[in-house]
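In what follows, a structure is listed as structure tokens, so that the remarks can point back to it.
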Amino acid sequence: MPLSYSFLRRFGKCVNADMRLLTIGRYALELSLQEYQYVTFRPSLLAAAALLFAMRKSGNTDWDVTCEHYSGYKEEELNDLISQMDKSTVAAASNKHCKTIYKKYSHRVFFEVALLPPLQ
């Protein structure tokens, strides 16, 4: 299990994240394992960005002081990485290295999170 998943679970507990929210975050993190551009980021930063990405995909944009306290990151520090994650999720369907992940997260067992529209 990648270290970023452990951070995601920990941060998710702090915001009482449901399984759908965590699944969106896990999808972003799983895609990040396939792309070289994410190699330089710390696992905790990836997890915090994945959680905020999932929150925004779910319509919750409230990165509050609790999130900042437990993750150690301010929302402004995560915005560029969230944009990259959004681009990765859009490109996943056509990326030969990510098609299996896209197909997996398109299934209803995984709440069909791969089919969610991109962020605005």
Side-chain angles (χ1 to χ4, degrees):
M1 176 183 309
L3 187 58
S4 57
Y5 280 23
S6 299
F7 280 110
L8 179 64
R9 275 199 331 254
R10 178 178 180 228
F11 300 157
K13 286 179 184 178
C14 299
V15 296
N16 296 318
D18 62 7
M19 189 54 83
R20 183 175 184 276
L21 190 72
L22 291 174
T23 302
I24 297 169
R26 282 197 311 266
Y27 176 51
L29 290 177
E30 201 162 325
L31 288 173
S32 76
L33 293 172
Q34 298 296 317
E35 297 189 32
Y36 188 72
Q37 66 191 17
Y38 296 103
V39 165
T40 59
F41 296 108
R42 290 171 286 183
S44 61
L45 178 63
L46 284 169
L51 180 61
L52 183 54
F53 173 74
M55 291 167 70
R56 288 182 180 173
K57 283 272 200 179
S58 297
N60 178 0
T61 58
D62 200 19
W63 189 259
D64 58 16
V65 291
T66 303
C67 297
E68 281 184 23
H69 173 75
Y70 286 103
S71 72
Y73 298 104
K74 294 181 186 260
E75 186 172 359
E76 301 80 40
E77 297 175 87
L78 305 173
N79 285 329
D80 289 339
L81 190 50
I82 289 169
S83 292
Q84 283 183 320
M85 287 179 169
D86 196 39
K87 289 175 188 169
S88 294
T89 59
V90 169
S94 59
N95 183 331
K96 68 179 182 175
H97 300 293
C98 300
K99 274 193 175 189
T100 304
I101 298 167
Y102 176 81
K103 188 174 178 181
K104 171 184 171 181
Y105 284 93
S106 295
H107 196 274
R108 68 176 173 215
V109 171
F110 294 96
F111 304 98
E112 299 174 337
V113 298
L115 305 177
L116 292 172
L119 296 172
Q120 297 298 327

Search all heavy atoms of [X] against all heavy atoms of [Y] and return the closest pair with its distance.
X      : Y      : result
Leu8   : Leu22  : CD2-O, 3.8 Å
Ser106 : Glu112 : O-CG, 3.2 Å
Leu78  : Tyr73  : CD2-CB, 3.9 Å
Ser88  : Gln37  : OG-NE2, 3.6 Å
Pro118 : Asp86  : CA-OD1, 3.6 Å
Cys67  : Val15  : SG-CG1, 3.2 Å

If hydrophobic clusters are built from ILVMFWY residues whose side chains come within less than 4.5 Å, do [X] and [Y] share one?
X      : Y      : result
Leu52  : Tyr70  : no
Leu115 : Met85  : yes
Phe41  : Leu3   : yes
Val90  : Ile24  : no
Met19  : Val113 : yes

So, taking the atom named [atom1] in [X] and the one named [atom2] in [Y], what distance separates them when rounded to the nearest 0.5 Å?
X     : Y      : atom1 : atom2 : result
Asn60 : Leu21  : CG    : CG    : 7.5 Å
Lys99 : Lys103 : NZ    : NZ    : 10.5 Å
Gln84 : Phe53  : CD    : CZ    : 12.0 Å
Arg56 : Glu75  : CZ    : CD    : 5.0 Å
Leu46 : Ser32  : CG    : OG    : 5.0 Å
Ser44 : Phe7   : OG    : CZ    : 5.0 Å

Do other residues, nucleotides or ligands put more than 12 heavy atoms under 6.0 Å from the CG atom of Asp64? yes
Please tell me if the side chains of [X] and [Y] come closer than 4.5 Å, counting only heavy atoms from C-beta onward.
X     : Y      : result
Asn95 : Glu35  : yes
Trp63 : Lys74  : no
Gln34 : Cys98  : yes
Ser94 : Tyr102 : no
Ser71 : Leu51  : no

For the residue pair Thr89 / Tyr105, report whether a side-chain donor-acceptor contact shorter than 3.5 Å exists. no
Taking atom types as modelled, is there a side-chain donor on Arg26 or Thr23 under 3.5 Å from an acceptor on the other? yes
Does Lys57 use its side chain to pair, donor to acceptor, with the backbone of Pro117 at less than 3.5 Å? yes
With a cutoff of under 4.5 Å between side-chain heavy atoms, which Ile, Leu, Val, Met, Phe, Trp and Tyr residues group with Val39? Tyr36
